[in-house]
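Data first, discussion second: the structure below is written as structure tokens.
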Amino acid sequence: MTVRVRFAPSPTGHLHIGGARTAIYNWAFARHHGGVFVLRIDDTDLERSTEENTAAILRSLRWLGLDWDEGPDTGGDFGPYYQTQRADTYEPALEHMKANGRAYPCFCSSETLEARRDTARAKGGFSGYDRTCRAIPSDVAMARIDAGEPHVWRLAVPSDRGDIIVNDLIRGETRFPGDAMDDFILMRTDGTATYNFATVVDDWTMGMTHIIRGDDHLSNTPRQVVVYEALDAPVPAFAHMSMIFGADGKRLSKRHGATSLESYAEEGYLPEALLNYLSLLGWSLDGETTLFDRETLVREFDLSRVSTSPAVWDPEKLDWMNGSYIREMDAETFVDTMAPWLEHAGFVTAADFAASREWFLKLVPLVAERIKHFDEIAPKVAFLFTEPTIEPSVREKVLEKDGAAAALSAALEALAAVEFRTEDIEAALRTVPETTGVKAKVAFQAVRVAVTGTTVSLPLFESLELLGKERTLARIAAALQMAVE
RNA sequence: GGCCCGUUCGUCUAGCGGUUUAGGACACCGCCCUCUCAAGGCGGAGAUCACGGGUUCGAAUCCCGUACGGGCUACCA
């Protein structure tokens with residue numbers, strides 16, 4: 001049997017980290033088994049669902065490198081792939097359940113329901129629907145419906161159903177007491193299907209073989225199992241992964257920082273790194289391997305290795321991992337990736353990149369091992385495109401230090417005499433401590449500040465080569481003025 | 001309140017009854033490298049396996065309970 005799995009986000013916002021991981025696991029599972037990965041947009045929350053959000057979610061999934069075999073944009077034999085467009089399948093499903101006595105109309109008002117629930121809960125024990133309307137003879141019920149009385153349709157949980165056992169692929173056997181099962185609402189007064197009814201009908205009619213989702217749905221599973229049974233539909237296999245928490249042990253939310261995948265893209269994280277990191281949040285390849293590519297994930301992914309306990313989102317580890325991927329990039333790709341960041345900073349234009357590609361390629365090794373994500377790049381290379389301003393405190397600490405002026409003067413002279421290549425620049429600057437008696441560290445820091453404006457910079461000799469002789473000498477001369485004043 | 005799930009270094013995890021002085025990764029600390037910062041190399045500290053009972057010759061691993069955390073308990077999804 002072909003494996004069919006789905007990712008069914010609600011377009012009420014951008015793709016969240018947790019949703020992204022659910023998508024990855026479903027995708028990896030499908031690809032591992034040569035199955036079908038389906039994307040369905042669960043847009044039944046009309047109030048909050050938007051087309052923009054749907055588009056953003058698709059964009060984020062693609063950015064991650066996930067592809068789907070069936071979905072809203074790709075089509076497929078099991079469409080439509082928007083839940084709102086599947087509403088006409090719920091009515092026949094309900095008819096089936098009416099016919100076999102597994103659905104019944106309920107005329108209880110929300111208010112009486114609420115009151116009964118409160119008293120039941122106060123007494124302790126079962127607080128679900130008390131099945132009042134289940135006792136109404138069907139001809140009476142039909143008459144009331146015909147008379148136009150408002151009603152919902154409820155699931156009739158068989159009284160002899162017994163415990164519902166879910167053999168979860170991640171957590172193993174989970175048993176839910178049958179007598180704690182609620183005759184929950186399938187169809188609302190307005191004729192729309194509730195979540196637990198709609199998803200089951202959708203998953204069934206779309207031929208899903210495995211439902212892989214967050215464990216916030218674990219408690220919904222026995223309810224859904226009973227619906228499958230009432231529909232005489234095959235029950236799919238379930239796998240519930242734990243959720244992602246923030247550092248405080250609460251569900252990850254906005255107050256923990258960026259939670260949408262899009263914001264990570266905007267900060268210059270690489271999709272490969274996010275995929276890798278997210279994969280490892282609740283799954284392990286072998287306990288040792290931390291860096292792996294998409295093909296390895298597909299080859300090795302296994303639900304039995306998915307963790308049962310919640311994982312805490314760790315931005316520092318993501319940073320490390322992203323940095324690691326950045327360092328592994330080849331220079332050409334790096335240049336292409338950094339281009340938009342430098343353009344956005346206003347340093348260069350796309351044309352500059354094409355014209356000076358060699359120059360940019362030289363910049364790569366200097367900056368690659370110093371950033372964790374691409375939005376850190378602009379400040380590090382700013383001195384190459386704009387005139388640095390030297391903070392008074394830096395000026396005092398470095399340029400006005402004893403020997404700094406002498407060192408700058410000597411550096412100016414030595415550099416003026418050489419070709420501007422890294423090796424020659426280094427050789428020239430190394431003569432400065434000898435000729436002036438100024439300590440190398442002091443001399444080099446003076447030059448660094450003169451040229452970059454900062455005490456921390458990219459490697460000095462290489463930086464000077466990239467800056468070029470003219471600009472370098474001008475900046476050192478200007479700094480020398482400051483030093484002697 | 002009821003039902004369900006979870007609990008191994010700060011964090012992600014390995015571990016599926018003896019091979020464990022509980023392994024790896026991030027973070028942290030130290031040393032090396034070194035023109036600053038990184039990156040890299042080497043080393044270190046860090047977990048009485050939530051707690052309490054069992055079962056067993058033997059338990060992080062199996063069972064029960066307790067605590068704590070989370071989820072569901074809606075005419076939300």
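Excluded from the calculations below are hydrogen atoms, water molecules and symmetry mates; all remaining heavy atoms, backbone and side chain alike, are included.
Side-chain contact check for A/Leu252 versus A/His16: every heavy-atom pair is 4.5 Å or farther apart. Between A/Glu423 and A/Glu426 the shortest side-chain heavy-atom distance does not fall below 4.5 Å. Between A/Phe107 and A/Ile145 the shortest side-chain heavy-atom distance falls below 4.5 Å. Residues A/Ile170 and A/His240 are not in side-chain contact: their nearest non-hydrogen atoms beyond the backbone lie 4.5 Å or more apart.
Distance noted for atom C1' between B/C62 and B/C68: 23 Å (whole Å). To the nearest whole angstrom, the two C1' atoms, one in B/A27 and one in B/G44, are 14 Å apart. Nucleotides B/A47 and B/C12 have their C1' atoms positioned 14 Å apart, rounded to a whole Å. Remark: the separation of the P atoms in B/G23 and B/A45 is 11 Å, to the nearest Å. Atom name P, nucleotides B/C72 and B/G65: the rounded distance is 24 Å, in whole Å. Taking the C1' atom of each, B/C16 and B/U73 are spaced 33 Å apart, rounded to whole Å. Across the C1' atoms, B/A50 and B/A67 are found 8 Å apart, a figure rounded to whole Å. The separation of B/A25 from B/G52, taken at their P atoms, amounts to 31 Å, rounded to a whole angstrom.
Residues A/Arg21 and A/Lys123 both approach RNA chain B. Their nearest nucleotides, taken by heavy-atom distance, put A/Lys123 toward the 5′ side.
In this structure, the CD atom of A/Glu288 is 9 Å from the C1' atom of B/A25, given to the nearest Å. Rounding to whole angstrom units, CG of residue A/Asp118 and P of B/G2 are separated by 16 Å. With rounding to whole Å, A/Leu318 atom CG is found 14 Å from B/A27 atom C1'. Rounding to whole angstrom units, CD of residue A/Glu316 and C1' of B/U11 are separated by 9 Å. Here B/A27 presents its C1' atom at 10 Å from NZ of A/Lys317, a figure rounded to the nearest Å. Between A/Arg175 atom CZ and B/G2 atom P the separation is 20 Å, expressed in whole Å.
For A/Arg121, there are no salt bridge (Lys or Arg N to Asp or Glu O under 4.0 Å) partners, not counting sequence neighbours. Among residues two or more places apart in sequence or in another chain, the side-chain hydrogen bond (donor to acceptor under 3.5 Å, both in side chains) test is passed with A/Arg134 by A/Asp183. Under the side-chain contact (heavy atoms from CB on, under 4.5 Å) criterion, A/Ile165 pairs with A/Asn167, A/Glu173, A/Arg175, sequence neighbours left out. Checked against salt bridge (Lys or Arg N to Asp or Glu O under 4.0 Å), A/Arg86 has the following partners two or more places apart in sequence or in another chain: A/Asp202. Under the ring pair (Phe, Tyr, Trp, His ring centres under 6.0 Å) criterion, A/His210 pairs with A/Phe29, not counting sequence neighbours. With sequence neighbours left out, the side-chain hydrogen bond (donor to acceptor under 3.5 Å, both in side chains) criterion links A/Asp293 to A/Thr296. In this structure A/Arg154 satisfies the salt bridge (Lys or Arg N to Asp or Glu O under 4.0 Å) test with no other residue, sequence neighbours excluded.
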inquiry  = As a quick check of understanding, evaluate ring pair (Phe, Tyr, Trp, His ring centres under 6.0 Å) for A/Tyr277 and A/Trp320, giving each step before the final call.
reply    = CA-CA 10 Å; A/Tyr277 179 70; A/Trp320 164 79; 9.5 Å; no
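Remark: B/G43 base-pairs with B/C29; criterion is Watson-Crick or G-U wobble with both hydrogen-bond distances under 3.5 Å. In this structure, B/C51 and B/G65 make a Watson-Crick or G-U wobble pair, each of the two defining distances being under 3.5 angstrom. Using N1 to N3 plus N6-O4 or O6-N4 for Watson-Crick, or N1-O2 and O6-N3 for G-U wobble, each under 3.5 Å, B/C72 pairs with B/G2.
Between A/Thr221 and B/C5, a side-chain N or O to OP1/OP2 separation shorter than 4.0 Å is absent.
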For nucleotides 29-39 of chain B, 5' to 3', base contacts (B), sugar-phosphate-only contacts (S) and non-contacts (-) with protein non-hydrogen atoms under 4.0 Å give ------BBBBS
Going 5' to 3' through nucleotides 68-77 of chain B and flagging B where a protein heavy-atom sits under 4.0 Å of the base, S where only the sugar-phosphate is that close, and - otherwise, we get -SSBSBSBSB
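Proximity of the aromatic rings of A/Phe301 and A/Trp283 is defined here by a centroid distance below 6.0 angstrom, and this criterion is met.
None of A/Asp190, A/Thr189, A/Thr194 except one satisfies the side-chain hydrogen bond (donor to acceptor under 3.5 Å, both in side chains) rule with A/Thr192; the exception is A/Asp190.
Judged by distance alone, the side chains of A/Ser284 and A/Arg305 do bring a donor and an acceptor atom under 3.5 Å apart. Using a 3.5 Å distance cut-off with no hydrogens or angles, the side chains of A/Thr199 and A/Arg6 do not pair a donor with an acceptor. A donor atom on one side chain and an acceptor atom on the other are found under 3.5 Å apart for A/Asn196 and A/Gln224.
A/Tyr82 places no side-chain N or O within 3.5 Å of a backbone atom of A/Arg40 that could act as its donor or acceptor partner.
Residues from residues 268-281 of chain A placing a heavy atom under 4.0 Å of any atom in RNA chain B, listed by number, are A/Leu280, A/Leu281. The stretch residues 155-165 of chain A does not touch RNA chain B, since none of its heavy atoms comes less than 4.0 Å from the strand.
Closest to the side chain of A/Phe176, out of B/C3, B/C12, B/U13, is B/C3.
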Between the protein and nucleotides 61-67 of chain B, which nitrogen or oxygen pairs come in under 3.5 angstrom?
none

